[in-house]
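All values derive from a computational prediction rather than experimental measurement. Hydrogens, waters and symmetry mates are skipped; everything else that's a heavy atom, side chains included, is used. By convention here, the first residue in the shown sequence is residue 1.
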Amino acid sequence: MNIEFAPRSIPLERRLQTAAVVQWVYSFLALAQTCIIIYIGLLFTRFWIISVLYGVWWFLDWDTPSKGGRRSQLLRRSVVWRYVRDYFPVKLIKTADLDPGQNYIVGFHPHGILVAGAFTNFCTEATGFQELFPGITPYLLMLPLWFRAPFFRDYIMSGGLIPSDKDSASYLLKSKEGGNAIVIAVGGAPESLDARPGAFSILLKNRKGFIRLAMQHGASLVPCFSFGENELFDQVENPKGTWLRAIQERLQKIMGVALPLFHARGVFQYSFGLLPYRKPINTIVGKPIKLKKNHNPSEEEVDRMHGVYIEELCKLFEEHKTKYNVPADRHLTFI
């Protein structure tokens with residue numbers, strides 16, 4: 001294999017962008033494991049008191065992730081995220097205003113490999129979320145597993161991440177003051193197994209829990225499509241029916257985490273590695289679908305609203321796809 005090395009004359013700005021993305025990828029793939037090792041390792045050193053004191057704090061703070069978390073505007077506004085934004089670059093596009101007196105469930109599609117668009121747009125202020133949607137506070141849902149990692153839980157909460165369970169979402173959607181936007185990557189980890197350049201497969205056919213949740217709380221549904229999300233990484237071929245896909249799906253059911261075999265570029269060369277390609281991400285936030293509060297919606301009512309949501313998502317995709325170099329004959333496929 002011929003290796004294409006990065007030229008020496010790369011501007012400092014681009015080097016800083018790459019460095020910022022290196023730390024982001026590391027945070028996504030290995031920071032939780034590193035924090036667990038540090039926590040346990042400190043117990044066997046003269047600094048054991050740090051882990052003990054943190055353990056006490058952890059016990060007292062156990063329910064915080066499920067009650068809105070603990071965000072830090074200092075971290076969300078860090079210059080590091082502006083470098084991450086410019087690496088791709090990432091843009092957040094508004095198509096309609098969101099009333100700060102209402103609560104929302106934002107369906108983010110597609111999941112992609114590392115959910116780069118969702119993180120950059122909703123866990124940082126790099127793309128200007130607060131300026132575009134004044135009075136709205138976004139919360140991105142993440143697997144509850146990651147909130148059990150010491151130190152790491154505090155880091156992800158500071159960005160506005162909360163556990164992806166019903167109780168955590170309901171806590172915010174119950175707010176009578178409004179202004180909360182729960183962002184759900186609806187396809188979740190399983191959808192990442194189909195994330196590759198040129199793919200427009202959306203795992204949504206049997207994903208109706210977020211619809212029911214919105215109806216129970218009278219929250220508006222907001223479809224959101226992120227063009228370019230699937231272009232960031234290549235993935236080893238794993239079509240349905242192959243042994244690789246069977247193993248991946250089995251591990252996903254056991255662990256709750258998908259393990260796509262992805263690759264893209266490296267730090268000093270462009271031929272292989274785990275850094276994403278420099279491909280633009282354009283995240284379009286659609287118009288809200290208003291719902292009447294219904295504490296106990298029937299299956300028929302949920303199915304009907306699910307159909308409305310799919311229709312609005314398709315409309316959003318079709319209206320914007322040609323702006324982002326998607327061929328006119330390409331359409332969303334729901335699985």
Is the number of heavy atoms from other residues, nucleotides or ligands within 6.0 Å of CG (Leu60) greater than 12?
yes
Please tell me whether Phe233 and Tyr324 are part of a single hydrophobic cluster in this structure, the criterion being side-chain heavy atoms less than 4.5 Å apart.
no
Taking the six-membered ring of Tyr270 (Phe, Tyr or Trp), confirm whether the NZ or CZ of Arg278 is under 6.0 Å from its centre and within 45° of its axis.
no
Looking only at non-hydrogen atoms, find the nearest pair between Pro297 and Gln216 and report the distance.
CD-CG, 4.0 Å
Do any N or O atoms from the side chain of Gln248 and from the backbone of Leu259 form a donor-acceptor pair under 3.5 angstrom?
yes
In the single-linkage hydrophobic clustering (I, L, V, M, F, W, Y; side-chain heavy atoms under 4.5 Å), do Leu161 and Leu145 co-cluster?
yes
Should the heavy atoms of other residues, nucleotides or ligands under 6.0 Å from NZ of Lys91 be counted, would the total exceed 12?
no
Just do the side-chain contact (heavy atoms from CB on, under 4.5 Å) check on Lys94 and Val285 with the steps written out, would you?
CA-CA 5 Å; Lys94 178 176 79 171; Val285 180; 5.6 Å; no
Heavy-atom closest pair, residues Asn180 and Leu172
ND2-O, 3.0 Å
Considering residues, nucleotides and ligands other than Tyr171, do more than 12 of their heavy atoms fall under 6.0 Å from its OH?
no
Of all heavy-atom pairs between Pro110 and Ser226, which one has the smallest distance, and what is that distance?
CD-O, 3.6 Å
Taking C-beta and beyond as the side chain, do Pro276 and Tyr87 meet within less than 4.5 Å on heavy atoms?
yes
Parallel, tilted or perpendicular, judged at 30° and 60°: which one describes the rings of Phe152 and Tyr155?
tilted
How far does SG of Cys224 sit from OH of Tyr104, to the nearest 0.5 angstrom?
14.5 Å
State the CE-CG distance between Met157 and Asp154, to the nearest 0.5 angstrom.
4.5 Å
Does Lys279 pair with Glu229 as a salt bridge, N-O distance under 4.0 Å?
no
Polar contact flag, side-chain donor to acceptor under 3.5 angstrom, Ser168-Tyr139:
no
Close aromatic pair by centroid cut-off 6.0 Å: Phe317 and Phe227
yes
Does Lys240 pair with Glu249 as a salt bridge, N-O distance under 4.0 Å?
yes
Do we see a donor-acceptor contact under 3.5 Å between the side chains of Gln130 and Arg76?
no
Just by modelled atom types, is the Leu92 backbone N or O under 3.5 Å from a matching donor or acceptor in the Thr283 side chain?
no
Determine, stepwise, if the pair Glu300 / Arg304 fulfils side-chain contact (heavy atoms from CB on, under 4.5 Å).
CA-CA 6 Å; Glu300 291 76 16; Arg304 182 181 63 81; over 6 Å; no
salt_bridge(Arg245, Asp194) N-O dist < 4.0 Å
yes
If we ignore hydrogens and angles and just use 3.5 Å, is the side chain of Glu191 paired with the main-chain N or O of Gly112 as donor and acceptor?
no
Reported CG-to-OG distance for the pair Leu193 and Ser201, which is rounded to 0.5 angstrom:
12.0 Å
Mind checking whether Thr18 and Arg265 have side chains closer than 4.5 Å, heavy atoms only?
yes
Please report the shortest heavy-atom distance between Arg153 and Pro65, naming the atom on each side.
NH2-CD, 3.4 Å
If you look at every heavy atom in Gln252 and Ala189, which pair is closest and at what distance?
NE2-CB, 4.4 Å
Taking 4.0 angstrom as the limit, do Lys315 and Glu318 come out as a salt bridge?
no
Roughly how far, to the nearest 0.5 Å, is CG of Asn296 from CD of Glu301?
8.5 Å
Assess the pair His109 and Tyr309: is the distance between their ring centroids shorter than 6.0 Å?
yes
Could you give the distance from CZ (Phe225) to CG (Leu332), rounded to the nearest 0.5 Å?
5.0 Å
Residue Arg70 excluded, over 12 heavy atoms near CZ under 6.0 Å
yes
Hphob cluster co-occupancy, Leu213 + Leu141, side-chain heavy atoms under 4.5 angstrom:
yes
Minimum heavy-atom distance between Pro260 and Gln235, given as atom pair plus value:
CB-OE1, 3.3 Å
Evaluate the ring planes of Tyr54 and Phe151, with Trp represented by its six-membered ring, and classify them as parallel (under 30°), tilted (30 to 60°) or perpendicular (over 60°).
tilted
Any chance the side chains of Ser66 and Asp167 put a donor and an acceptor closer than 3.5 Å?
no
